[in-house]
Amino acid sequence: MKSSIASVLGLVLMFNLNSGFISPVSQHHRIRNNSIKIISTPLHSTVVRRPETTERVDQVRERCAAATRDAQAARGCAENTGDEWWRDESAVNILGGRSITASSPLRVIITGGGVAGLVAASACHAAGMKVAIFEQASQYAPYGGPIQIQSNALRAIQRISQKCYEELLAAGTVTADRVSGLKIGYKKAVFGGLGPGYEKGDWLVRFDTLQPALDAGLTPTVVVDRPVIQQILLNHGVPEGTVRIKSRIKKYDELGPGQGVKVTLEDGTEAFADVLVGADGIWSSVRKQLHGLDKGADGAAASGAAGGALNEAEARRMAKESVLMAGGANRRFSGFTCYAALCEHKASNIEQVSYQILLGKDKYFVSTDGGGERQQWFALIREEAGGVDEEATPENPNPKLSRLLNEFNNAEPGDANGDVWDDFAHELLKATPEENIKRRDLYDGAPLISQGWARGQVAICGDAAHPMMPNLGQGGCQATEDGYRLSEELKTVQNTNQIESALDTYFKKRIPRTTAIQIAAQLGSDLLVDFDKMMTIPLVGPFFLFMTQLSMPFILRFLYTPEF
Ligand SMILES: Cc1cc2nc3c(=O)[nH]c(=O)nc-3n(C[C@H](O)[C@H](O)[C@H](O)COP(=O)(O)OP(=O)(O)OC[C@H]3O[C@@H](n4cnc5c(N)ncnc54)[C@H](O)[C@@H]3O)c2cc1C
């Protein structure tokens, strides 16, 4: 509890300090009648939420289904054939380094074809570099439905590829036009029943994500299905065949200053490049070697690309393996297991709310508009790492769903704590088939300030560099900023001898911002855990809520910047 109070103060202080660098609030844009009215910025005039007509709903759902089929078939990816450019050692291993020219561009190998790898590859490709991605998986199987591509990440994408940016906006659903915030999940008396108390579903904190974006001259946040994001980056960000599937990197060797890196895949294939970028997720093999971690620090946690398990059996194996890997990799179990699903359902609050968290004791229920009359939800429940659900039986054919219906029970006698939940969680759960629900324990890690993200001609990005809790919806967005910054620094390299210093600059420019965001996401989740206890202490509860409400605009202004 003490740490939570300190966390609130730290969070508020941190963001108020940062807010000193933000330009004053403009009064030109306002949310009116739940639709965006853009008065003075033609750039954003196309970014309005389209009405959810039958045609639009079908279009969004069909696009997602088509992209999922592409992901399952690994369309746009290739297997290794034997004649790839990266097999040529003589192109990079040159004593004294080599000059970078249009005919002899920088050669970059990226491990991991998730958001971080695909964006970094798109950015390097756009800057004229030769790029290959080595992805361990044979197909894409992302965890969870759509994600928020927030205003800062949209700007990074726009700078990398106008086409990808336009495609994302066309495919996405604007969420910034409606309210977001925290609600109390159940009726709660405060101060031993002496305080005013809350009814279930009452707003505790509300915030507007539109104004901070527009103030910074950025495009409002959109949600886009993960397979659609992958499809767009594969089709428009990188040349066909850039992603080599079934290519798990085992180790790398530096060949000498400015002389590149030799990458060895698990099947013994050797590849050569000037630069190696580890975008291989939280259990990164590249980071393991970069930081000299334990043998057990990495692993094929999931055999689907983008961190997703291919099936239920694999999800169970992942839950157990992650516990072992976390120790070796020095990652932190957040204390939460997370059930996630996308349901086809027109939410009862769709016109008013785009994102909400229903807070409870040791659990919370997050939901967001996924577009196309679908809701994406996450149920975070505090429990030991490595837990798995019962196998389905004839008596209990839907073990995940039945657990969640109990955890968020909206009828007497309520959940195991006796709390009767707001109807909204049940509304979404009841619209969700069991097979759509995926479960995963959530891990994050301390900022790698002293260990660094780069050494020699090797660097890391995305979750490999800064795994964070999902509360701020910034993990993928920060990975996007990383990709942009990495390519900007590599663009300055005129001779391969300069790579080490370019990668060091990349790390130094990125670490302050990602550290602040990682800490904020972690504090946010720690606060949510202790929320129930805090509400029972006089002054602390109201103070916590007041400070959170006060801080949100500053937090959003810190996140939504065009400079990263
Ligand atoms: C519940 C939840 C909600 C979220 N919501 C949002 C949101 O709204 N907005 C947002 O921006 N972020 C969100 N995030 C965070 C976001 O999903 C992650 O930060 C992002 O996916 C990380 O991407 P990555 O490419 O770094 O890692 P991953 O997606 O994990 O990709 C790593 C890839 O590397 C491959 N790989 C691993 N090891 C090797 C190896 N040795 N050789 C070759 N390949 C390898 C893996 O197969 C995988 O494909 C959310 C996360 C969660 C859990």
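Order of listing sets the numbers, starting from 1, for every ligand and every atom in it. Residue numbers count from 1 along this sequence.
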**Asked** Does an N or O anywhere in Ile147 fall below 3.5 Å from an N or O of ligand 1?
**Response** no

**Message:** Nearest non-hydrogen contact with atom 45 (C) of ligand 1 belongs to which option: Ile282, Asp280, Val286?
**Reply:** Asp280

**Message:** Taking 4.0 angstrom as the limit and counting only heavy atoms of Gly462, give me the atoms of ligand 1 inside it, by number and element.
**Reply:** 26 (O)

**Item:** Arg513 to Phe558, cation-pi by 6.0 Å centre distance and 45° axis angle
**Value:** yes

**Request:** Return each pair, listed once, that meets salt bridge (charged side-chain N to carboxylate O under 4.0 Å, His left out) where at least one residue sits in residues 461-471; pairs must be two or more places apart or across chains.
**Result:** none

**Message:** For atom 31 (O) of ligand 1, tell me which residue out of Ala479, Gly114, Ala137 has the closest non-hydrogen atom.
**Reply:** Gly114

**Asked** Out of Ser285, Ala465, Gly113, Gly281, whose heavy atom is nearest to atom 30 (O) of ligand 1?
**Response** Gly281

**Request:** Please confirm whether Trp86 and Phe272 have ring centers closer than 6.0 angstrom.
**Result:** no

**Asked** Considering only heavy atoms of Phe134, which atoms of ligand 1 have at least one such atom less than 4.0 Å away?
**Response** 43 (C), 44 (N)

**Prompt:** What is the minimum heavy-atom distance between Pro146 and Val223, and which atoms define it?
**Reply:** CB-CB, 4.3 Å

**Prompt:** Any non-hydrogen atom of Cys477 lying under 4.0 Å from ligand 1?
**Reply:** yes

**Message:** What I want to know is whether Gln148 and ligand 1 share at least one N or O pair that is separated by under 3.5 angstrom.
**Reply:** yes

**Asked** So, Trp377 and Thr368: side-chain donor and acceptor under 3.5 Å apart, yes or no?
**Response** no

**Message:** Using ring centroids (six-membered ring only for Trp), state whether Phe365 and Trp421 fall under 6.0 Å.
**Reply:** no

**Prompt:** Quick check: does Thr111 get an N/O under 3.5 Å from an N/O on ligand 1?
**Reply:** no

**Side chain, backbone, both or neither: Ser284 near ligand 1, heavy atoms under 4.0 Å** = neither

**Asked** Which option out of Gln474, Arg244, His466, Arg226 puts a heavy atom nearest to atom 14 (N) of ligand 1?
**Response** Arg226

**Asked** Do any nitrogen or oxygen atoms of Pro470 come within less than 3.5 Å of a nitrogen or oxygen of ligand 1?
**Response** no

**Fill in**
In ligand 1, the atoms that come under 4.0 Å of a heavy atom of Gly112 are 33 (C), 34 (O), 35 (C), 44 (N)

**Request:** Select one of side chain, backbone, both or neither to describe which atoms of Leu442 lie under 4.0 Å from any atom of ligand 1, heavy atoms only.
**Result:** side chain

**Fill in**
Result for salt bridge (charged side-chain N to carboxylate O under 4.0 Å, His left out) between Arg244 and one of Glu79, Glu84, Glu135 points to Glu84

**Sub-4.0 Å heavy-atom contact, Ser247 with ligand 1** = yes

**Asked** With under 30° as parallel and over 60° as perpendicular, where do the rings of Trp283 and Tyr443 fit, or are they tilted in between?
**Response** perpendicular

**Asked** Does Gln136, backbone or side chain, put an N or O under 3.5 Å from an N or O of ligand 1?
**Response** yes

**Message:** If you count every heavy atom of other residues, nucleotides or ligands that lies below 6.0 Å from Glu240 atom CD, does the total exceed 12?
**Reply:** no

**Message:** I'd like to check Val119 versus Ile157 (side-chain heavy atoms, cut-off strictly below 4.5 Å). Are they in contact?
**Reply:** yes

**Prompt:** Looking only at heavy atoms, is any part of Ala116 under 4.0 Å from ligand 1, and if so is it the side chain, the backbone, or both, or is it neither?
**Reply:** both

**Prompt:** Looking only at distance, does Cys338 have an N or O less than 3.5 Å from an N or O of ligand 1?
**Reply:** no

**Prompt:** What ring pair (Phe, Tyr, Trp, His ring centres under 6.0 Å) pairs are there with at least one residue in residues 452-472, not counting sequence neighbours?
**Reply:** Trp453-His466, Trp453-Tyr506, Trp453-Phe507

